[in-house]
Number of protein chains: 2
Amino acid sequence: MAVIDDVARLAGVSKATASRALSGRGSVADATRQRVLQAASALDFRASPAAVSLATGRTGAIGVLAPAIDTWYVSTLLRGIAEAALAHDLDVVLYDLGRGAEMRERVFERFLQRHHIDALISTTFALTHREVSRLASIGIPAVALGDGAAGVRSWCLDDERVGTLATEHLLSLGHRRIAHVGGSTVLDESLFAAERLRERGYQRAMRAAGLQPEPTLLHDPTADASYAHALSMLRAPDRPRAVFAATDEIAMGILLAARSLGLRVPLDLSVVGVDDHAYAGAFDLTTVRQDPREHGERIVDWVVADLRAPSGDTSHELIAPELVVRGSTAPA
Amino acid sequence: MAVIDDVARLAGVSKATASRALSGRGSVADATRQRVLQAASALDFRASPAAVSLATGRTGAIGVLAPAIDTWYVSTLLRGIAEAALAHDLDVVLYDLGRGAEMRERVFERFLQRHHIDALISTTFALTHREVSRLASIGIPAVALGDGAAGVRSWCLDDERVGTLATEHLLSLGHRRIAHVGGSTVLDESLFAAERLRERGYQRAMRAAGLQPEPTLLHDPTADASYAHALSMLRAPDRPRAVFAATDEIAMGILLAARSLGLRVPLDLSVVGVDDHAYAGAFDLTTVRQDPREHGERIVDWVVADLRAPSGDTSHELIAPELVVRGSTAPA
DNA sequence: CTGTTAGCGCTTTCAG
DNA sequence: CTGAAAGCGCTAACAG
């Protein structure tokens, strides 16, 4: 491993000049820069990130804090983040919180300990005040996707709007008996606040139409749990004619249950989900779309810009959802 | 941010002693160690990873190189890796290769440049000789999950066995017209070798039973593509009575297509997949199980041990698959 | 525009 | 068992 001294010597300049030529900071005569660059590539020189980091305070990495990375939403988001980070020549270090929040404190202490990242992207659950100020005190700016904390720039899908959009779609088709199946009653309070907002949007839309909301919350919003729940919900004599599911995964469980009960979708039952999950097309599922991959890219771009020139921007931005109509919904 | 000097001063010892006490390396009087530890916690001291890394050459992070992280397999694996890494107090830095392999060289150059990780876990596709020796020359050991390169410790699901297991299950039920739907004919050669092995296992089992194999390879192994393909496959007059799908995702597409054509599963059609995907239960899908989360943990444990005491072990280990029978398969 | 001189914060010989 | 001193490899003033 060649070090910068070797490069400097080969180019016949000092370490400082070599450093300037390589980093682009500071002015160097063009001819000199060329020589340094050539020497560097001849020696296959790569700066030690530890040394750079020690000298500059910059690590060249961003952290991502996320629950349940084996999830469509989070993994798709991660993909967007990873791609954008690559484009900006940043490493991404991943902190998985698992399903619950038990690991949270541990993870937090752990990565706070190391000043290993230049910025933190927190997803899905809200950061606490203490966490934010803790990060700020060691100079790590945080941004959030999903529930944002005060003092932190954040983006969040307009989840209440998601609920009204989905519900109004069903209402506009003439449905009256519209159920809602959401999730996450037992998980950490700060997690999955989104689903409570979706439920609220549903309730609003129903009441506005003079109808009685009938929400159910699964304690575990998986396809399995949803399937089991839908089986009993759809067997009831006064079964709903339409369902707004808080996620596509829940919707899939419902669709599968409906078919195994012999109900025809959308003739006997209309279903709308949320996400536009990778399988939504195969299920021909009407859904409210969000694009986590694009969100990931957008956030990384913002973080990179803010790292270069801190903006102090701590605004909370709502992302507008979009209805995608497929074949799982039809007039009542 | 307190530095080690502050701790040393508060404890009334030298930096060197403080460092020894904190790291546990070298011998320190018990009383002294106690004072140092107290001072450290009083000052909320955390060693700068950049400084540690510069002095020791260790980074405290492992890299994961993976294609398509927004995939059930990879994201579940990632979860196992992240959890195990957390337990070992290691950061995990993520390199996503996307779907194809265009990014590969770029990513490779990029993280080679930085000596930012202590070890690399490569997943799904094989490392080239050049890549392995390149990594070795800068002292980064690599391990592989999936196709392993020579000189690299690796684990791999026994994919040919997967194919025979699935096919033999269908044969044992009395099926004769068994189709196979696999994937990835257009992607990078080194990617998804797994599916070719699964196909080979299928061919072997079919020939051994004196039957004619009928494999199809989707150029894009998604649920959507699978759905579209299955529609035409199942409409043919001489349609298969059983299908071995190379992944659960492909199987789901087939199941959805079958149902939309009015075919009853498993009465009119038996389907077996591979993975035991999170949705396999909801689909009541018979499948050949693999457990990427557990694989991730196992690999990290191995890497950690090898980092402590290099074993020189470069063996290639096959992981035995396991058939999980559910309701999507029945006697012919 | 370029070289010299100090560090960044930690670990590690080497003496004592 | 402990302290002094010498780096790890790079960048950032500060002169010139």
Side-chain angles (χ1 to χ4, degrees), chain A residues 1-37 39-40 43-61 89 112-118 138-140 307-308, chain B residues 1-37 39-40 43-61 89 112-118 138-140:
Chain A
M1 289 300 275
V3 298
I4 202 170
D5 241 343
D6 304 327
V7 175
R9 207 165 318 130
L10 181 56
V13 299
S14 69
K15 270 169 53 174
T17 300
S19 172
R20 283 188 282 253
L22 260 6
S23 72
R25 269 183 295 278
S27 38
V28 181
D30 245 19
T32 313
R33 155 168 297 118
Q34 290 313 321
R35 259 184 302 139
V36 171
L37 258 29
L43 296 172
D44 196 29
F45 167 79
R46 350 221 135 221
S48 147
V52 173
S53 172
L54 193 54
T56 63
R58 280 289 174 85
T59 67
D89 223 59
L112 262 184
Q113 279 179 21
R114 332 183 163 211
H115 191 59
H116 229 13
I117 54 176
D118 291 335
I138 60 173
I140 297 181
L307 241 27
R308 268 199 271 273
Chain B
M1 288 298 276
V3 298
I4 202 170
D5 241 343
D6 303 329
V7 175
R9 207 166 315 131
L10 181 56
V13 298
S14 69
K15 269 168 57 173
T17 301
S19 171
R20 283 189 280 255
L22 258 6
S23 73
R25 270 182 297 276
S27 41
V28 180
D30 245 20
T32 312
R33 156 168 296 119
Q34 290 312 322
R35 259 184 304 139
V36 172
L37 258 29
L43 295 173
D44 196 31
F45 168 77
R46 351 222 134 222
S48 148
V52 173
S53 172
L54 191 54
T56 64
R58 281 287 174 85
T59 66
D89 222 57
L112 263 183
Q113 279 180 18
R114 333 185 162 210
H115 190 59
H116 228 10
I117 54 177
D118 291 333
I138 60 172
I140 297 181

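In the text below, chain A, chain B and the rest are named by the order of the sequence lines, each starting its count at 1.
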Taking every non-hydrogen atom, the tightest pair across H116(B) and A61(B): O-CB, 3.8 Å
Nearest heavy-atom neighbours spanning G57(A) and H115(A): O-NE2, 4.2 Å
Can you give each donor-acceptor pair under 3.5 Å made by side-chain atoms of residues 18-32 of chain A, sequence neighbours left out, with the distance rounded to 0.1 Å?
| residue | atom | partner | partner atom | Å |
| --- | --- | --- | --- | --- |
| S23(A) | OG | S19(A) | O | 3.1 |
| S23(A) | OG | R25(A) | N | 3.2 |

My understanding is that only residues two or more places apart in sequence, or in another chain, count here; which of them pass side chain to side chain donor-acceptor pair (under 3.5 Å) with [X]?
X	result
D6(B)	none
T59(B)	D118(B)
S14(A)	T17(A)

Residues that D5(A) engages under salt bridge (Lys or Arg N to Asp or Glu O under 4.0 Å), provided they are two or more places apart: none
Stepwise side-chain contact (heavy atoms from CB on, under 4.5 Å) check, R58(B) with V52(B): CA-CA 7 Å; R58(B) 281 287 174 85; V52(B) 173; 5.9 Å; no
B/S/- contact track for nucleotides 8-16 of chain D, protein heavy atom under 4.0 Å: BBBBBB---
Residue-phosphate contact under 4.0 Å: S14(B) side-chain N/O, dA4(D) OP1/OP2: no
Chi angles and distances behind the side-chain contact (heavy atoms from CB on, under 4.5 Å) call for V36(B), Q34(B): CA-CA 5 Å; V36(B) 172; Q34(B) 290 312 322; over 6 Å; no
Sugar-phosphate only, base, or nothing, as touched by S53(A) at under 4.0 Å among non-hydrogen atoms: nothing
Boundaries of the DNA chain C segment in contact with chain B, non-hydrogen, under 4.0 Å: dG9(C) to dT13(C)
Under the side-chain contact (heavy atoms from CB on, under 4.5 Å) test, residues paired with A51(B) that sit two or more places apart: L54(A), S48(B)
Difference in axis direction between the ends of the helix from dC1(C)-dG16(D) to dG16(C)-dC1(D), five pairs, 10°: 30°
